[in-house]
Amino acid sequence: MRYRELRQRCDRQIRSLVEAGDLPDPFTLDEFLAKLEARRGRRIVLRPSDYIPGRACGMWLQLADVDIIVYARTAPLHEEHIVLHEVGHMLCRHRGEIGQGDDVMRMLMPDLDPAMVRSLLNRGSYSDVEEQEAELFATLLLERVADRRPADEHQLDADLAPQMDRLRSTFSG
């Protein structure tokens, strides 16, 4: 799939969030997730995890009545981006594929048997296109709400502008 198609798909997802009134103003991740929970009729539980360089930063676990998003403890904006990346998988209805991920599951959920988690999820990893779509979704959503943050977050956004520019240039072909 080409960048243009991915961009259009992500734009449609974000437009549907706007039309549903799911993007709070001012934007906070907690308020956004609360609105998403209400619309979907499912709880979303966030679980921080220790960050290990070279490993996955996040994971979405879709269980019977709850969505669990595991994210690496890192800088606040990076944590938010990781969570929104996983929300991207959720909203884009990515299912992933069976085959990989035991190391990732052990790292993120050390108390759970990876085989059991995989059987619940029926997947182990996402395709490159699904990863690109989730990453682009998170980037575009953060860009969309950048000027709608609580006042104390505006300086953080300005300080991280160069990193956001690099992300944008990565996905613009």
Side-chain angles (χ1 to χ4, degrees), residues 1-18 22-23 29 32-33 36 40 42 44-63 66-110 112-146 160-173:
M1 184 175 296
R2 297 175 44 199
Y3 171 78
R4 180 188 222 165
E5 295 170 72
L6 283 177
R7 174 70 189 242
Q8 289 171 345
R9 288 170 51 129
C10 291
D11 285 341
R12 278 194 301 274
Q13 283 295 336
I14 293 170
R15 203 169 28 255
S16 75
L17 292 170
V18 170
D22 289 338
L23 293 182
L29 183 61
F32 170 66
L33 293 176
L36 201 54
R40 297 179 72 237
R42 295 173 55 82
I44 299 172
V45 176
L46 299 181
R47 296 275 164 90
S49 176
D50 291 329
Y51 175 66
I52 300 173
R55 299 288 183 123
C57 293
M59 176 182 278
W60 164 46
L61 304 171
Q62 181 182 10
L63 304 179
V66 65
D67 291 301
I68 300 172
I69 296 176
V70 181
Y71 64 94
R73 287 184 193 101
T74 181
L77 185 61
H78 189 208
E79 288 178 358
E80 188 172 64
H81 189 275
I82 294 165
V83 170
L84 292 175
H85 174 105
E86 300 308 324
V87 168
H89 283 305
M90 184 187 309
L91 295 178
C92 295
R93 296 183 175 92
H94 294 161
R95 299 306 308 156
E97 38 191 58
I98 296 174
Q100 300 175 23
D102 284 1
D103 289 344
V104 172
M105 284 188 255
R106 273 192 202 96
M107 179 196 70
L108 296 174
M109 300 285 220
L112 297 179
D113 174 16
M116 185 272 300
V117 173
R118 209 174 31 260
S119 70
L120 286 171
L121 302 175
N122 195 30
R123 65 157 206 247
S125 64
Y126 293 107
S127 71
D128 289 341
V129 171
E130 289 171 326
E131 284 299 330
Q132 291 168 6
E133 186 173 24
E135 191 69 12
L136 185 57
F137 171 84
T139 300
L140 292 174
L141 185 59
L142 283 173
E143 183 178 274
R144 171 84 184 219
V145 300
L160 293 173
Q163 288 89 338
M164 291 301 289
D165 288 342
R166 274 199 312 265
L167 276 173
R168 271 187 228 100
S169 70
T170 299
F171 289 104
S172 61

Trainee: Residues in side chain to side chain contact (heavy atoms under 4.5 Å, CB included) with Ser16, at least two apart?
Mentor: Gln13
Trainee: Run the salt-bridge test on Asp11 and Arg15 with the 4.0 Å N-O cut-off and return the result as yes or no.
Mentor: no
Trainee: Does the pair Val87 and Leu141 meet the rule for a side-chain contact (heavy atoms from CB on, under 4.5 Å), with working shown?
Mentor: CA-CA 11 Å; Val87 168; Leu141 185 59; 5.9 Å; no
Trainee: If you measure from CZ on Arg7 to CZ on Phe137, what distance do you get to the nearest 0.5 Å?
Mentor: 12.5 Å
Trainee: Return the minimal non-hydrogen interatomic distance between Arg40 and Leu91, and the atom names on each side.
Mentor: CD-CD2, 4.3 Å
Trainee: Any donor-acceptor pair under 3.5 Å linking the side-chain atoms of Glu133 with those of His94?
Mentor: yes
Trainee: Rounded to the nearest 0.5 Å, what separates atom CG in Leu29 from atom CD in Glu80?
Mentor: 5.0 Å
Trainee: When you look at Glu135 and Gln132, which way does the side-chain contact (heavy atoms from CB on, under 4.5 Å) test go after all the steps?
Mentor: CA-CA 5 Å; Glu135 191 69 12; Gln132 291 168 6; 5.8 Å; no
Trainee: Check the side chains of His81 and His85 for a donor-acceptor pair under 3.5 angstrom, ignoring hydrogens and angles.
Mentor: no
Trainee: Between Leu46 and Leu33, does a side-chain contact (heavy atoms from CB on, under 4.5 Å) hold up when you go through it step by step?
Mentor: CA-CA 10 Å; Leu46 299 181; Leu33 293 176; 3.7 Å; yes
Trainee: Let me see the working for Trp60 and Val70 under side-chain contact (heavy atoms from CB on, under 4.5 Å), right down to the final yes or no.
Mentor: CA-CA 6 Å; Trp60 164 46; Val70 181; over 6 Å; no
Trainee: Can you name the residues that form a salt bridge (charged side-chain N to carboxylate O under 4.0 Å, His left out) with Asp22, not counting sequence neighbours?
Mentor: Arg39
Trainee: Would you say the side chain of Phe32 lies within less than 4.5 Å of the side chain of Leu84, judging by non-hydrogen atoms?
Mentor: yes
Trainee: In terms of heavy-atom contacts, does CZ of Arg144 have more than 12 from other residues, nucleotides or ligands at under 6.0 Å?
Mentor: no
Trainee: About how many Å separate CD1 of Ile44 and CZ of Arg42, when rounded to the nearest 0.5 Å?
Mentor: 8.5 Å
Trainee: To the nearest 0.5 Å, what is the distance between OH on Tyr71 and SG on Cys57?
Mentor: 13.0 Å
Trainee: Rounded to the nearest 0.5 Å, what separation is found between the SG atom of Cys10 and the CG atom of Leu140?
Mentor: 6.0 Å
Trainee: Quick check for you: to the nearest 0.5 Å, what is the distance between His89 atom NE2 and Asp67 atom CG?
Mentor: 13.0 Å
Trainee: Report yes if some heavy atom in the side chain of Val66 is under 4.5 Å from a heavy atom in the side chain of Leu61; otherwise report no.
Mentor: no
Trainee: Can you sort out the partners of Arg73 under salt bridge (charged side-chain N to carboxylate O under 4.0 Å, His left out), two or more places apart, ordered by chain and number?
Mentor: Asp50
